[in-house]
Amino acid sequence: MIEINHVNKWYGPTFQVLKDCTTSVAKGEVVVVCGPSGSGKSTLIKCVNALEPIQGGDITLDGVKVNDPKTDLPKLRSRVGMVFQHFELFPHLRIIDNLCLAQEKVLGRKHADAMVKGMKLLERVGLKDHAKKFPAELSGGQQQRVAIARALAMDPIAMLFDEPTSALDPEMISEVLDVMVDLAREGMTMMVVTHEMGFANKVADRVIFMDRGEIVEDAKKADFFGTPRSDRAQKFLSKILQH
Amino acid sequence: MNYNWNWHIFLEPNPMGTGTYLDLLLSGLVVTVKVSVLAWIIALVSGSVIGVLRTLPSRTASWIGFCWVEFFRNMPLLVQLFLWFFVLPELLPRSAGLWLKQLPNAPFWTAAIGVGLFMSARVAVQLQAGITSLPRGQKQASTALGLTTVQTYRYVLLPMAFRIILPPLTSEFLNTIKNSAVAITIGLIELTGQARSMQEFSFQVFEAFTAATVLYLLLNFVVVTAMRFLERYVAIPGYITGK
């Protein structure tokens, strides 16, 4: 589904954020990307739907080359859902309109159909009663669930999560993770940047560990949590699992 | 000071035969309103386009935006009106210049366009500030949903940016009205112009300009009130100025 081959990326002429990254995500697979801050995990996931350009290597999404100038990027992006650290709901639109906007303007769905789809997804994330509210009237956890519903409304073939719980209060993290666990169990292809090792342990098929722009470890979940091969992954795990 | 105050002058007939002196001033007010509204529309439309250009990643776009803004904001308004009114027709081919000079109502159109373009530089810079004040994730979220750049601006960025810059835009609207008085230098008889002709006909200089001052104040008060209603009308529940 997602193929990342020898990807290199620089910010400016000297700072290399991604160094020869190679990995893949198969259909229905859940891959968790973790690593210390500044290791390039968010950058990597943003390259998958070309929110960030790459300077070397190739990324292929469902057989379509992302970094090909001829690729219809808006169309490609509409097929991949993305959830951001800071939710990024559109503050001037009501919750239901947040869910309808891209359905209508990108997919060309009729307003009534988009509304039905939107309400169904709001019900699924437990926020049907909030459809008429504005984003600023919801809690962080609720906003993030809306953001997930907004991405799902496009019927994506895969979902990208960029630290979806990092900006949330502890008590709201679980309500968002619950939605993500359900999604994973239904067989959604997911690439998740997160520090939530509990989530990784529960639903991930594979875990990728990044450090300073490199993929240091790319292993099956059991291997990663059991006996990580690299020193750096071991140190990271020992720190993060201490508590 | 030997000055004969005469507040009844407003009810005396003016020598133009168009009614009283008050009618004279009111006809000037109508011209001021017309020229200001037209100039404001020009400023808002072209300023918005240029403001958007200044936020695009394209070098050409921001270069055009840069040139436009620096050209129109670095020259006194008076000089700009002289350029459009006296110099431009001489620079054009003879027939085109002649056609321009003979246009009916030339001072009015020149003033509207001249003041409009002068103000457009200010609108552009403010809109640019409004757009760049939005979180970067807004553009990313909208792009990730598959919306094109035009759609992203139309449905996501501009509705928020304009809400944010509404209070300073009110000031710019008021500046447009006040700047329209410069048009008497190219022969437009608007409110200030009519106050001057009243002074010349009646020698009641203080009454004439007191009345003009009051009329400007009233006009600007109407604009301020209307804009405040607009601000309240578009306020988003729970968001910044929202209530």
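Proteins get letters first, then strands, A, B, ... in listed order; numbering begins at 1 in each.
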Novice: With a 4.5 angstrom heavy-atom cut-off, which part of T149(B) approaches chain A: side chain, backbone, both or neither?
Specialist: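 Neither; nothing under 4.5 Å.
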
Novice: Taking side chain as everything from C-beta outward and backbone as N, CA, C, O, which of these in F134(A) sits under 4.5 Å from a heavy atom of chain B? Side chain, backbone, both or neither.
Specialist: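 Contact with chain B: side chain only.
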
Novice: Report which part of Q140(B) has an atom under 4.5 Å of a heavy atom belonging to chain A: side chain, backbone, both, or neither.
Specialist: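 Both backbone and side chain.
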
Novice: For residues R228(B) and T170(B), is any side-chain donor paired with an opposing acceptor at under 3.5 Å?
Specialist: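 On atom types as modelled, these side chains do not qualify, holding no pair under 3.5 Å.
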
Novice: Would V32(A) and T194(A) count as a side-chain contact (heavy atoms from CB on, under 4.5 Å) here? Give the steps.
Specialist: CA-CA 7 Å; V32(A) 163; T194(A) 185; 3.8 Å; yes

Novice: Which of the residues L147(B), T148(B), L134(B), L145(B) is involved in the greatest number of heavy-atom pairs with chain A at under 4.5 angstrom?
Specialist: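 Top count of heavy-atom pairs under 4.5 Å with chain A: L145(B).
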
Novice: Counting only heavy atoms from other residues, nucleotides and ligands, does the tally under 6.0 Å from CH2 of W10(A) exceed 12?
Specialist: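 More than 12 heavy atoms, drawn from other residues, nucleotides or ligands, come within 6.0 Å of this atom.
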
Novice: Residues in side-chain contact (heavy atoms from CB on, under 4.5 Å) with V181(A), at least two apart?
Specialist: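 V181(A) satisfies side-chain contact (heavy atoms from CB on, under 4.5 Å) with R185(A), F199(A), K202(A), V203(A) only.
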
Novice: Would you mind checking which part of L89(A) comes under 4.5 Å of any heavy atom in chain B, side chain (CB onward), backbone (N, CA, C, O), both or neither?
Specialist: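 Only the backbone of L89(A) comes within 4.5 Å of chain B.
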
Novice: So which part of R136(B) gets closer than 4.5 Å to some heavy atom of chain A, the side chain, the backbone, both or neither?
Specialist: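 For R136(B), the side chain is the part near chain A, not the backbone.
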
Novice: Output the option from E88(A), Q85(A), R77(A) having the highest count of non-hydrogen pairs under 4.5 Å with chain B.
Specialist: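 Winner by heavy-atom pair count: E88(A).
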
Novice: Identify which of S78(A), P91(A), G81(A) forms the greatest number of heavy-atom pairs closer than 4.5 Å to chain B.
Specialist: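 If we count pairs closer than 4.5 Å to chain B, P91(A) comes out on top.
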
Novice: Under a 4.5 Å heavy-atom cut-off, does chain B meet the side chain of K46(A), its backbone, both or neither?
Specialist: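 Only the side chain of K46(A) comes within 4.5 Å of chain B.
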
Novice: Take a 6.0 Å sphere around OH of Y11(A) and say whether it holds more than 12 heavy atoms from other residues, nucleotides or ligands.
Specialist: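 Counting other residues, nucleotides and ligands, OH of Y11(A) exceeds 12 neighbours.
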
Novice: Would W68(B) and S120(B) count as having a side-chain donor-acceptor pair, cut-off 3.5 Å?
Specialist: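 Checked: W68(B)/S120(B) side chains pair up, N/O donor to acceptor below 3.5 Å.
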
Novice: Pick one of side chain, backbone, both or neither for R79(A), based on which atoms fall under 4.5 Å of a heavy atom in chain B.
Specialist: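 For R79(A), no heavy atom lies under 4.5 Å from chain B.
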
Novice: Quick one: does V156(B)'s side chain get under 4.5 Å of K139(B)'s, heavy atoms only?
Specialist: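 No. Closest side-chain heavy atoms not under 4.5 Å.
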
Novice: Return the option, out of L107(A), L93(A), L101(A), L138(A), with the maximum number of heavy-atom pairs under 4.5 Å with chain B.
Specialist: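 Ranked by contacts with chain B, first place is L101(A).
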
Novice: Side chain from CB out, backbone as N, CA, C, O: work out which of these in H92(A) comes under 4.5 Å of a heavy atom of chain B, or both, or neither.
Specialist: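 Both parts, backbone and side chain.
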
Novice: List for me each residue that meets side-chain hydrogen bond (donor to acceptor under 3.5 Å, both in side chains) alongside R109(A), sequence neighbours excluded, and say none if there are none.
Specialist: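 R109(A) satisfies side-chain hydrogen bond (donor to acceptor under 3.5 Å, both in side chains) with Q103(A), D155(A) only.
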
Novice: Can you tell me which portion of V83(A) sits under 4.5 Å from chain B's heavy atoms? Options are side chain, backbone, both or neither.
Specialist: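 No part of it gets close to chain B.
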
Novice: Looking only at the side chains, is there a donor atom on one of E29(A) and T189(A) sitting less than 3.5 Å from an acceptor on the other?
Specialist: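 No, because no side-chain N or O of E29(A) sits under 3.5 Å from a partner of the opposite role on T189(A).
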
